[in-house]
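Every value quoted in this text rests on a predicted model; they were computed, and no experiment measured them. These values consider heavy atoms only, across backbone and side chains, with no hydrogens, waters or symmetry-generated copies. Proteins get letters first, then strands, A, B, ... in listed order; numbering begins at 1 in each.
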Amino acid sequence: MSSSLNHLCSSIISEGFGDIAGRVSQVLLAKGHTSLFELSRLSKERILTVKKCLYTFIHHNLVTFKRSTSGTLEYYIHTDIVLNRILFPKFIFTAKSLFGDTAEFIVEELCFHGNLSLDDIVKNITMKTDAEGNNQNIKKEEIHPIFIKLVSEQFIKRFPSVVGVEDGVPIFSEQKHNLYFVPPMADSEPPEKRQKTEETENLVLWIINYDRFHRYLRDCQIATAFERRIDSNACEIIKIILRISETRTDPNCTSTKGISMIELSPITKKELGISKDILTQYMSLLVEDSFNCVIKLADSGEGTYAIDLPKAMKNLATSHIESIIQEKFGSKAFRIFKVLLLNGNLEQQKIEDCVMIPAKEAKELLYRMVEQQYVSVTEVPKTSDHAPRSTFYLFSVNIDALARKLEENCYMILGNLYSRRDHEGKKSKRLLEKQSKIEAIALQMTNALDPSAPDHAQKLEECQKEIEEMSTVGEKEQIERLSKAYSQLDQAEMQTEELLFILRQCIHYSIPMENDVKSKKKAIEVD
Amino acid sequence: MAEVSKEDSEVVTKIKTEPESAVDLEARILQLCESIPDGINDAIIQNTMPQCDATQRVMAVNRLLSMGKLDLIKIGNKLLYKLKTADAASNQLKGSDHQEKQIYQLIDESKNMGIWMRDIRLKSGLPMSQVQKTLKVLESKKLIKAVNCVNAAKKKVYMLYDVEPDRSLTGGAWYSNQDFESEFVDILNQQCFKFLQQKLAQSREGDLEPTAKRNASYASSTEIWKFICELGISKVKLEVEDIETIMNTLIYDGKVEFTVVPNGDGSQLKIYRAVVSVVPTSGFVRTPCGVCPVFNDCYEDWDISPSNCQYMNDWLSF
C-alpha cells in the first residue's frame, strides 16, 4: 500500500464518516492488522469511540477481523472496498438507468448503510419518499420485484450470515450457492408459515455486489470505445454480446464465452433492426478493428465470437496513457512514444529517423519522457565495463508499468482534490453555516404563511425580500464562487475516477488469474 | 614501362609463329579490351593471340599505352590493361600526376555514395598530407566535389563533380542544405491527414453498408500522392515513397491506420484511413495536478500542498 493510497482512503473515510473515523482509519491503513487497544493508543481516541468506528466500518464491510496467532483480535481495512465508495454515484446511476427509480433508491440505501435487510430497505425508502412529500409513494409491493431483479442480475448479494461463534469471534457462512437467493415474500406464504419466513427474511442482510457493478461499468467502457471507432450500432452489438455472456461467463475468466451468429442475429434484429447480412459485416469489422479485442473463435454456428477482456482493458488503458502523453508533452513527443509503442526497443538514431522531427528536438523530448519515467532505457553493453561509447541504449515503453505509475498518480490527484475541497469547506465554514441557517429560516417562514390568506402573494414577496437582505452582496458572491469551485472539483474527481477505474481493471487483468491457471491445469489433467 | 617487359619476359613461351604486322596486333588488343571492360591481363592476350611472341606483345601494349588508348591498373601484384574512356575528365586529368589519377579513380569507383577521406588514405596508401593536397587540386579543377553527409554533420565525402549524391546522404526531399525542414514535413503531415479526414467524413455521410462505409474511407498512397502534387505545396518533386514516410508519421501520431491489399497486377498496395481515438482527452490531465511540474513534491502541510496550490487557485478562479 502506498502512502498516496492511504491518504486517499483516509480522506474518503473522513468525508463519509467524520474526522474521528478518518483518524482511526489512518492507523488501520498504516499498521495493517491492528488490535483494538493498539488502535485506541495510536489514534488517541477512547476505546468506546474506536469501537463505534470499527462497528461502522464492519457494517460497511470495509474492515474484517480475525483472531491472530497470539490470541488477540485484529482488524484489517480493505482499501479496494474503500475505493469503491468513490464509485457510488456511478453505481446509483447505473441502477437507475437499468431498472428505474425504485432500483436507484434501493442501491442508494445500501450504499449509505452498508448492509441492510429487505425490510429495512423498504422502511427507509417509504420513510424517505414520505418525508419528501411528493406523490410518487413507493409501496413494498413495488419494491419487491425490482429487488428480486437486482438480486437475480447479481447487482446485490447476500451478506454472509453468522453460523456460530468460536472463541468470541463470529463465524460467517461460506456458502456460495444461495448468494443470489431471495426468500419468498411474506404475504404470499400460507399464514402458519408466515411468522417463520418473516423472521428469516429479516435476518438476511444484503450488500452491493461491487464486482458486478465493476463488470457493468467495464462493459460500458468497452462499448463506448467501439462507438467512437465505428458507430452506435457496433456499440450496441458489443453491449448485447457482453450482456449475453455476462450470465454465462465465470466472473474470473479472462475472455467471454463464445457467442454464435445464430444466437446473436435474432436479438440484434429484434433490438436494433439489423439484418443478419449487415450483422455479419459488423462482426467482421469488429474483428478487423485495430482495437483488436473481438475474436472469432470458430466458424461453427455461422461464426462464434468472443471478447478478449484483458486486451480490451489494456487497449483502453493504452489510449488513456497516450492521451496523457499528448497533453503532458505535446503531440511530437506523443509521436515518439507511439513509435516506441509500436516498434518495441529502439535506438535513439532509429527513433529520430522514424519520427521526422529534427534530431535535436526529438532528443530533448525523448529525454524529457525518460526523465519523468514514461519511457524506459535498457543498456546493452558490448564490453563488460559498460563503457558508454560501446553500449547500446535501447528505449522502450512498458504499458503495465505505466498503468501502475499512473494509478499511483490518480490516488494522489484524488487525494489532493479531497484535501482541497476539505480546505475550502473549512475556510468558509462560517459562511456556509450562516447560509444553511438562512435557508432554514426561509423554509420556516414560507411554511408559516397561510396560502389561503388573501394577501399571500404579497407576504411571500416580503418574506423573500427579508431573506435576501440577510446576506450581503459579498457573501453571496463568495457562496456562488464556492459552489462553482465545488462543482469543478467534483467533475475533476469524476474524470479521474474513470481513469483510475480503467487502470485498475487493466492491472487486474494483467495479473494471471488463479482460476485461469487452475482451469488450464485441469484441462491438461483431463487430456 | 620497363616493368611491363620484365613481367612479360617471365611468361614468355616459345611458339614459332608467322610474324604479324604490329598495327594489326594493336587493333586486336583494343578489340579484346572492348569485349572485356573489366580489364585484361597479359595471360589473356597470350591465350587469345598465341601466334605472337612476348616482344611483339610488349611492343604493341607499350605503343598503345603511350598513345593513351590503354590504361594500366595495378591490382595486387597483377597488372591489368583497360580501355581508356575518352571522356572529358580523362582529358582534364591529362598532365596530372600518378597520385591524382589514383585518387580520382577511387572517387570514381565510389559512385554516388561518395568516399570518405580516411578511406581514400587507406586504399591509396598515401600519407594524409598528400591526400589532402591532391583532393584540393582535384577540387579546384572541378573534377570532384565534397558533400556533407546529413546524418553525420562533420563527415565529408568526396564524389565526382557531376554525380548526384545518394538520398541517404542528402536526406531526400526533407533536407535543404543539411537542415531538416520540419515545417515542410508538418504541412505535408497536416494536408495528408486532412485529405483522409475528408474521405472519412464523406464515407460517414453516405447511406452505405458498414463494410462499404469503411472501405470508402480508405485511400491508397498513390491517391494521396496525387492530391499533394495537385495542391502544389511542394517545390521539390515528391515520390510516392516520400508520401509513405509522411503517412508513417501520421500512423505514429495515432491519427491514421493502414493496411495492405493485393493490387491488380499482383503487387501490394498500401491503403490508409483516418481513425478516431478510442477515448476522449483523459480526465487525468484536466486537473491541474495531471500536468503539474511539482506534482511529486506536493504533500499535505508542506510548502507545496493542495491547500495553498497556486495552480489550483487559478483553476478554481479564486
Q | Distance (rounded to the nearest 0.5 Å) between Cys289(B) SG and Leu417(A) CG | A | 5.5 Å
Q) Taking all non-hydrogen atoms of both residues, which atom of Ala492(A) and which atom of Thr287(B) are closest, and how far apart? A) CB-CG2, 3.3 Å
Q) About how many Å separate SG of Cys354(A) and CD1 of Ile251(B), when rounded to the nearest 0.5 Å? A) 11.0 Å
Under 3.5 Å, sequence neighbours excluded: what are the donor-acceptor pairs made by side chains of residues 275-283 of chain A?
unit_1    : atom_1 : unit_2    : atom_2 : d
Lys276(A) : NZ     : Glu302(A) : OE1    : 2.4
Lys276(A) : NZ     : Glu302(A) : OE2    : 3.3
Thr280(A) : OG1    : Lys276(A) : O      : 2.6
Gln281(A) : OE1    : Thr211(B) : N      : 3.1
Gln281(A) : OE1    : Thr211(B) : OG1    : 2.9
Gln281(A) : NE2    : Glu209(B) : OE1    : 2.6
Tyr282(A) : OH     : Asp231(A) : OD1    : 3.3
Tyr282(A) : OH     : Asp231(A) : OD2    : 2.7
Tyr282(A) : OH     : Asn233(A) : ND2    : 3.4

**Q.** Heavy-atom closest pair, residues Gly254(B) and Phe334(A)
**A.** N-CE2, 4.2 Å
Q.
Report which part of Asp253(B) has an atom under 4.5 Å of a heavy atom belonging to chain A: side chain, backbone, both, or neither.
A. both
(Q) I need the Tyr486(A) OH to Leu316(B) CG distance, nearest 0.5 Å. (A) 10.5 Å
Q | Heavy-atom proximity to chain B below 4.5 Å, by part of Val355(A) | A | backbone
Q. What part of Glu288(A) gets closer than 4.5 Å to chain B, counting heavy atoms only: side chain, backbone, both or neither?
A. side chain
Q.
I'd like to know whether CE of Met494(A) has more than 12 heavy-atom contacts from other residues, nucleotides or ligands below 6.0 angstrom.
A. no
Q.
Under the criterion side chain to side chain contact (heavy atoms under 4.5 Å, CB included), I'd like the reasoning laid out for Asn343(A) against Tyr252(B): C-alpha separation, chi angles, the key distance, then a yes or no.
A. CA-CA 10 Å; Asn343(A) 297 329; Tyr252(B) 296 139; 3.6 Å; yes
Q. Under 6.0 Å from the NZ atom of Lys123(B), do we count more than 12 heavy atoms belonging to anything else shown?
A. no
Q: Find out whether Asn189(B) and Arg335(A) are in side-chain contact, i.e. whether some heavy atom of one side chain is under 4.5 Å from a heavy atom of the other.
A: yes
Q: Might you point out which heavy atoms bring Val276(B) and Arg229(A) nearest each other, and give the distance in Å?
A: O-NH1, 3.9 Å
**Q.** All pairs passing ring pair (Phe, Tyr, Trp, His ring centres under 6.0 Å) where residues 208-244 of chain B contributes a residue, at least two apart
**A.** Phe195(B)-Phe227(B)
Q | Heavy-atom contact with chain B under 4.5 Å, split by part of Ser319(A) | A | both
(Q) Side chains of Arg420(A) and Asn313(B): any donor to acceptor distance under 3.5 Å? (A) yes
Q: Report, as yes or no, whether the 6.0 Å neighbourhood of atom CD on Gln268(B) holds more than 12 heavy atoms from other residues, nucleotides or ligands.
A: yes
Q: Answer with side chain, backbone, both or neither: which region of Asn315(A) has an atom nearer than 4.5 Å to a non-hydrogen atom of chain B?
A: neither
Q. So which part of Asp186(B) gets closer than 4.5 Å to some heavy atom of chain A, the side chain, the backbone, both or neither?
A. side chain
Q) Among His7(A), Gln221(A), Lys332(A), Glu493(A), who wins on heavy-atom pairs under 4.5 Å with chain B? A) Lys332(A)
Q. For chain B, which of Glu498(A), Gln326(A), Lys328(A) has the most heavy-atom pairs under 4.5 Å?
A. Lys328(A)
Q) Do Leu285(A) and Lys213(B) touch side chain to side chain, with heavy atoms closer than 4.5 Å? A) no
Q: Measure the spacing between OH of Tyr299(B) and OG of Ser419(A) and express it to the nearest 0.5 Å.
A: 13.0 Å
(Q) To the nearest 0.5 Å, what is the distance between CG on Asn296(B) and CE on Met412(A)? (A) 6.5 Å
Q.
Is it the case that over 12 heavy atoms from other parts of the model lie below 6.0 angstrom from the NZ atom of Lys363(A)?
A. no
**Q.** Side chain / backbone / both / neither for Leu499(A) at chain B, heavy atoms under 4.5 Å
**A.** side chain
**Q.** chain B contact via Leu341(A) - side chain, backbone, both or neither, heavy atoms under 4.5 Å
**A.** neither
Q.
Do Leu489(A) and Trp315(B) have side chains that approach each other closer than 4.5 Å (heavy atoms only, starting at C-beta)?
A. yes
**Q.** Between OG on residue Ser307(B) and NZ on residue Lys427(A), distance to nearest 0.5 Å
**A.** 9.5 Å
Q. Given the options Ala212(B), Gly290(B), Cys292(B), Pro288(B), which has more heavy-atom pairs under 4.5 Å with chain A than any of the others?
A. Gly290(B)
